[in-house]
Amino acid sequence: MTGSLEKNYEPQAFENRIYNHWVERNHFRAEVNPEKKPYCIVLPPPNITGELHMGHALDHTLQDVLIRWKRMQGFETLWQPGTDHASIATEVKVVESMREEGLTKLDVGREDFLKRAWRWKDEYGGKIVEQMKKLGDSCDWSRERFTMDEGLSNAVTEVFIKLYEKGLIYRGNRIINWCPECKTSLSDAEVEHEEQIGHFWHINYPIKDSDEVLEIATTRPETMLGDTGVAVHPGDDRYKHLVGKTAILPLVNRELPIVADDYVDPEFGTGAVKITPSHDPNDFEVGERHNLPQINVMNDDATINENGGRYVGMTRYEARKAIVNDLEREGFIHKIVSHSHNVGHCYRCDTAVEPLTSDQWFVKMEPLAKPAIEAVKDNRVKFVPERFSKTYIHWLENIRDWCISRQLWWGHRIPAYYCNNCGHIIVQREEPTVCEKCGGNGFKQDEDVLDTWFSSALWPFSTLGWPENTEELEYFYPTDVLVTGYDIIFFWVVRMVFSALEFMGDIPFEYVFIHGLVRDAEGRKMSKSLGNGIDPLEVIDEYGADALRFTLATGNSPGNDMRFHMERLEASRNFANKLWNATRFVLMNLDIDYIDKNSVQKEFTLADKWIISRLNKVVKEVTENMDKFELGLAVQKLYDFIWGEYCDWYIELVKPRLYGEDDDKKRVAQYTLTYVLENILKLLHPFMPFITEELWQNLPTVQGSVIVAQWPEHKEDEIYTVAEKNMGLIMDAIKNIRNIRAEMNVVPSRKAKLIILTTGKNVAKIISENEEYFRTLASVSEIELVKNKDKIPKDAVSAVIGGAELFLPLEELIDFEKEIERLEKEKSKLESEIKRVVGKLSNEGFVSKAPAKLVDEEKQKQMKYEEMLTHVLERLDSLKNR
RNA sequence: GAGGGUAUAGCUCAGCUGGCAGAGCGCUACGUUGACAUCGUAGAGGUCAUUGGUUCAAGUCCAAUUAUCCUCACCA
């Protein structure tokens with residue numbers, strides 16, 4: 001009837017089996033169930049190009065902990081899974097695979113390219129999902145979605161059209177970030193700024209019809225090919241006389257109007273700025289204010305185009321070199337100084353981004369940002385930790401319009417059609433038949449697709465069926481928590497909030513639970529290029545998913561980065577092994593499968609009451625920690641309780657009863673042992689789902705699966721305050737005995753005798769009633785309680801606890817000097833404690849203002865320490881005068 | 001330029017609403033006691049970055065300083 005376990009914890013032996021068990025029994029499945037309260041988390045959809053990395057492992061562990069916990073608490077829990085089409089990343093992969101065949105995108109054309117992309121997705125896109133299962137993710141796989149499936153694509157089109165009709169999406173020629181490698185535009189969020197040391201070239205621009213020159217300073221001389229003006233500050237006396245005049249662009253000989261604009265900082269550089277509206281965001285604005293023409297001098301691969309005269313065809317860096325050379329030769333360079341500045345790079349391929357003007361689609365952000373800011377400011381959406389709300393608000397308050405069109409094929413194609421006849425734009429679901437403006441009937445759809453993040457922004461409601469009014473949407477929305485890293489706040493969290501507010505009229509989630517990055521042991525970011533990544537799947541193979549999850553959940557506080565150490569993984573695995581063996585011990589000593597609580601309750605021993613009471617407190621504390629998203633604290637408490645109290649003490653304490661002849665006593669021990677273990681397995685299950693399930697199913701006293709067991713509740717009637725206190729006293733005494741033995745190098749002998757001199761009746765009673773604990777845990781065979789010092793042999797080592805003095809008489813001569821030394825140490829320790837307590841109590845302020853309970857505790861301590869000191873002093877005296 | 005994080009044992013980090021500094025690993029000394037050597041017992045090791053302030057009481061709250069790491073930002 002009782003199962004038997006292997007001696008060692010071997011997760012490989014059961015993790016897959018347990019996962020299948022859950023899936024087969026539909027334990028991850030969420031239904032619309034009005035009888036229950038819903039709890040929903042949407043999984044941040046991993047890219048179909050992705051492989052599970054440590055960042056996912058952390059992110060998913062936190063979500064799975066929350067989901068499993070809430071499931072056990074009786075909520076109808078939905079962890080909504082899915083994947084993201086990852087427009088750029090996937091397109092790059094498909095282009096790469098075509099390159100092996102010697103083909104390019106243009107060779108195969110749009111339609112064939114998309115076929116290939118879907119094929120790629122079918123082949124590789126599910127990989128990460130399989131990896132997630134290894135980690136134990138309890139997602140409802142029957143509801144898995146993909147950002148480009150029919151329903152989600154429909155949602156994207158709906159959103160685009162609605163925003164367009166509302167005037168919140170527009171097409172315009174604006175300056176955007178261009179990646180010359182990916183050959184597409186990027187949003188501001190997709191550009192990463194890196195500090196670079198470059199040069200500041202001071203170039204003399206001659207003034208027309210004058211001998212004067214205007215010295216400008218630039219970090220990017222190649223863009224001068226697109227200069228259409230020069231600007232100075234209106235209040236700058238040095239240049240006032242030049243405003244309105246014309247400068248001549250060196251090498252190109254274009255005439256440039258000199259304008260005055262507040263944007264120019266007279267203190268910086270020379271106070272005169274060349275204006276290149278097509279290749280600099282600021283210049284673009286200056287250009288708009290002064291009606292300067294835009295001259296784009298670059299191709300989509302950042303080589304110089306036909307507007308660049310003799311520099312045509314060069315890369316921007318070649319052009320820079322050539323231009324600087326030419327300027328030097330012709331005497332236009334005044335000086336060159338070194339200068340550090342920020343250069344934007346593509347977040348996908350790290351190529352330096354080129355700002356340039358282009359026709360693109362934009363989302364007008366201001367009207368959308370406002371309610372999103374409000375939602376966080378008035379606490380409808382709450383960040384954990386709270387400080388990230390600042391980051392969020394600050395970003396939204398300074399946001400610029402969002403460039404959403406991408407010059408790619410893999411993604412949601414923009415539902416905009418251009419009339420072949422008049423160029424009129426019609427935005428709608430299907431291709432129009434007749435132009436509403438000119439009556440023409442030929443149309444061409446916009447070639448571009450949408451930013452990947454445009455579809456992920458809808459994830460919390462599109463996955464639940466929106467724009468259809470589904471019962472899932474009705475029941476699970478708004479979702480409860482979003483779990484993600486701080487690096488994704490701008491890309492995703494922000495956009496989900498404003499999209500949800502706009503289209504659902506409600507927040508997408510109540511809490512945003514933010515975690516940090518998983519770094520390597522040296523604190524570096526894990527990255528493919530550094531090759532320092534630790535593969536979670538390899539870790540799972542070797543140590544088990546539970547050990548990995550435990551490691552990630554422990555010692556990690558919200559919002560902070562963590563370093564990944566293999567040593568910690570080992571410690572987690574050892575903990576699993578400990579639990580495994582504790583359960584093995586229980587099973588080995590369990591010869592029945594049901595014990596009626598009522599039949600044993602009256603027979604609880606001190607140890608039973610103590611562990612039950614402790615369990616109860618742990619239940620309360622752990623649940624409170626979970627409620628506050630303090631998962632690391634919760635799991636730490638479980639670790640301490642399981643290892644430090646249940647295993648180290650309780651299991652040792654029950655052994656005599658288990659091995660004894662008295663069946664009634666045995667039953668009580670068995671009951672308590674299993675009762676506490678069952679609760680341990682439940683409490684630990686969200687963190688270590690596999691091992692707890694495996695052990696649970698080996699326990700004959702329980703049915704079903706722990707994944708759906710009821711989360712333990714705190715019970716007031718299972719708090720035994722006196723038992724905790726008395727057990728504490730006994731534990732203290734036992735630790736003291738062990739301590740003096742270790743320090744005096746006394747190996748316990750079988751017939752060791754313990755003499756206890758008690759001063760308080762109560763203490764004597766507690767000790768005599770629980771003598772057996774001393775036998776088992778302090779290795780003494782006989783205990784003698786005395787009230788008179790005379791009975792104490794001279795050759796004994798001693799320890800004092802509150803209310804009693806413990807003596808271990810020794811058969812062989814002890815080292816008196818060593819014992820004196822030890823007691824002296826004890827004495828000074830006690831003296832300093834007494835000094836501290838007395839100091840505190842003689843402080844008028846403390847006694848009058850501190851809580852009475854605290855003052856009382858201090859008084860108790862004083863009495864206890866003083867009594868202990870007296871004993872130590874007496875003992876010292878007798879040793880010295882022996 | 002703005003905002004933020006971090007600073008606690010040799011190492012990596014916990015420490016919630018102020019009330020005798022904790023864990024893991026490492027280290028030292030013991031230990032073949034019928035769950036576990038992936039273990040047990042005991043121990044050493046901290047001016048909680050610095051300086052002020054609030055308080056009866058500060059690792060914890062406030063201010064400043066130093067170091068370090070992020071994020072954002074148009075200074076050509």
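Each chain gets a letter, A, B and so on, in the order its sequence line appears, and its residues count up from 1.
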To the side chain of A/Asn560, which of B/A73, B/G5, B/A35 is closest?
B/G5
Test the A/Arg495-A/Trp402 pair against the cation-pi criterion, namely NZ or CZ under 6.0 angstrom from the six-membered ring centroid and within 45° of the ring axis.
yes
Among B/A14, B/U38, B/C75, find the nucleotide with the atom closest to the side chain of A/Tyr263.
B/C75
Would you mind classifying the nucleic acid contact of A/Asn843 as base, sugar-phosphate or nothing, using non-hydrogen atoms under 4.0 angstrom?
sugar-phosphate
Contact string for nucleotides 20-28 of chain B, one letter per nucleotide 5' to 3', B = base within protein heavy-atom range under 4.0 Å, S = sugar-phosphate only, - = neither, reads B--SSS---
Base, sugar-phosphate alone, or nothing: which one does A/Asn589 contact when heavy atoms must sit under 4.0 Å apart?
nothing
Base, sugar-phosphate or nothing for A/Val847? Non-hydrogen atoms, less than 4.0 Å.
nothing
Answer yes if the ring centres of A/Phe687 and A/Phe550 are under 6.0 angstrom apart, and no otherwise.
no
Base, sugar-phosphate alone, or nothing: which one does A/Lys578 contact when heavy atoms must sit under 4.0 Å apart?
base
Answer with base, sugar-phosphate or nothing: what part of the nucleic acid does A/Lys655 contact at a heavy-atom distance below 4.0 Å?
base
Would you kindly check whether a donor in the side chain of A/Glu652 faces an acceptor in the base of B/A35, or vice versa, at under 3.5 angstrom?
yes
A side-chain contact here means heavy atoms from C-beta on lying under 4.5 Å apart; do A/Ile734 and A/Trp649 qualify?
yes
For the aromatic rings, using the six-membered ring if either is Trp, is the centroid distance between A/Trp580 and A/Phe14 under 6.0 Å?
yes
Heavy atoms only, 4.0 Å cut-off, all strands: where does A/His339 land among base, sugar-phosphate and nothing?
sugar-phosphate
Among B/G19, B/C36, B/U41, which is the nearest nucleotide to the side chain of A/Leu854?
B/G19
According to a 3.5 Å limit on both distances, what stems of 3 or more consecutive Watson-Crick or G-U pairs are formed with RNA chain B?
B:1-7 with B:66-72, B:10-13 with B:22-25, B:27-31 with B:39-43, B:49-53 with B:61-65
Does A/Asp265 reach a base, just sugar-phosphate, or nothing at all? Heavy atoms under 4.0 Å.
base
Does the pair A/Arg775/A/Glu772 count as a salt bridge with the N-to-O cut at 4.0 Å?
no
Sidechain N-carboxylate O distance under 4.0 Å for A/Arg573, A/Asp546
no
Minimum-distance nucleotide to A/Phe490 side chain [options: B/C72, B/U38, B/C74]
B/C72
OP1 or OP2 of B/A14 versus the side-chain N and O atoms of A/Ser557: is any pair under 4.0 Å?
yes
dist A/Thr551:OG1 -> A/Met566:CE (nearest 0.5 Å) comes out at 9.5 Å
Aromatic ring of A/Phe846 stacked on base six-ring of B/C56, 5.5 Å, 30°:
no
Result for 5'-nearest mapping on RNA chain B, choosing between A/Glu630 and A/Asp280, is A/Glu630
d(CZ, A/Arg387; P, B/G4) in whole Å:
11 Å
Any side-chain heavy atom of A/Ser572 within less than 4.5 Å of one from A/Tyr543?
no
Taking atom P of B/A42 as reference, at what distance in whole Å does atom CG of A/Leu777 sit?
10 Å
Considering only B/A42, B/C36, B/G40, which nucleotide approaches the side chain of A/Arg584 most closely?
B/C36
Is the distance between the ring centroids of A/Tyr392 and A/Tyr486 under 6.0 Å?
no
Salt bridge check, A/Lys637 against A/Glu630: does any charged N sit closer than 4.0 Å to a carboxylate O?
no
Of all the choices, B/A35, B/U38, B/U41, which nucleotide is nearest to the side chain of A/Ala582 once you look at every atom?
B/A35
A/Glu194 atom CD is separated from B/C72 atom P, nearest whole Å, by 11 Å
Tell me which nucleotide among B/U71, B/C74, B/A76 gets nearest to the side chain of A/Arg400.
B/C74
Where the side chain of A/Lys7 is concerned, which of B/U38, B/A42, B/A37 is the nearest nucleotide?
B/A37
Under 4.0 Å between any heavy atoms, over every strand shown, what does A/Tyr659 touch: base, sugar-phosphate, or nothing? Just pick one.
sugar-phosphate
Less than 4.0 angstrom from a charged side-chain N to a carboxylate O is my criterion; do A/Arg563 and A/Asp520 meet it?
no
Under 3.5 Å, is there an N or O donor on one side and an acceptor on the other linking the side chain of A/Arg563 and the base of B/U12?
no
Report which part of the nucleic acid A/Glu621 touches: base, sugar-phosphate, or nothing (heavy-atom distance under 4.0 Å, all strands).
nothing
Hey, does A/Gly344 reach any base, or is it just sugar-phosphate, or nothing, if we go heavy atoms under 4.0 Å?
nothing
Distance, rounded to the nearest Å, where A/His394 contributes NE2 and B/G1 contributes P
15 Å
Pair A/Tyr347 and A/Phe491, ring centroids less than 6.0 Å apart
yes
Interatomic distance at P, B/A58 relative to B/A14, whole Å
24 Å
Separation of B/G1 atom C1' from A/His341 atom NE2, nearest Å, is 17 Å
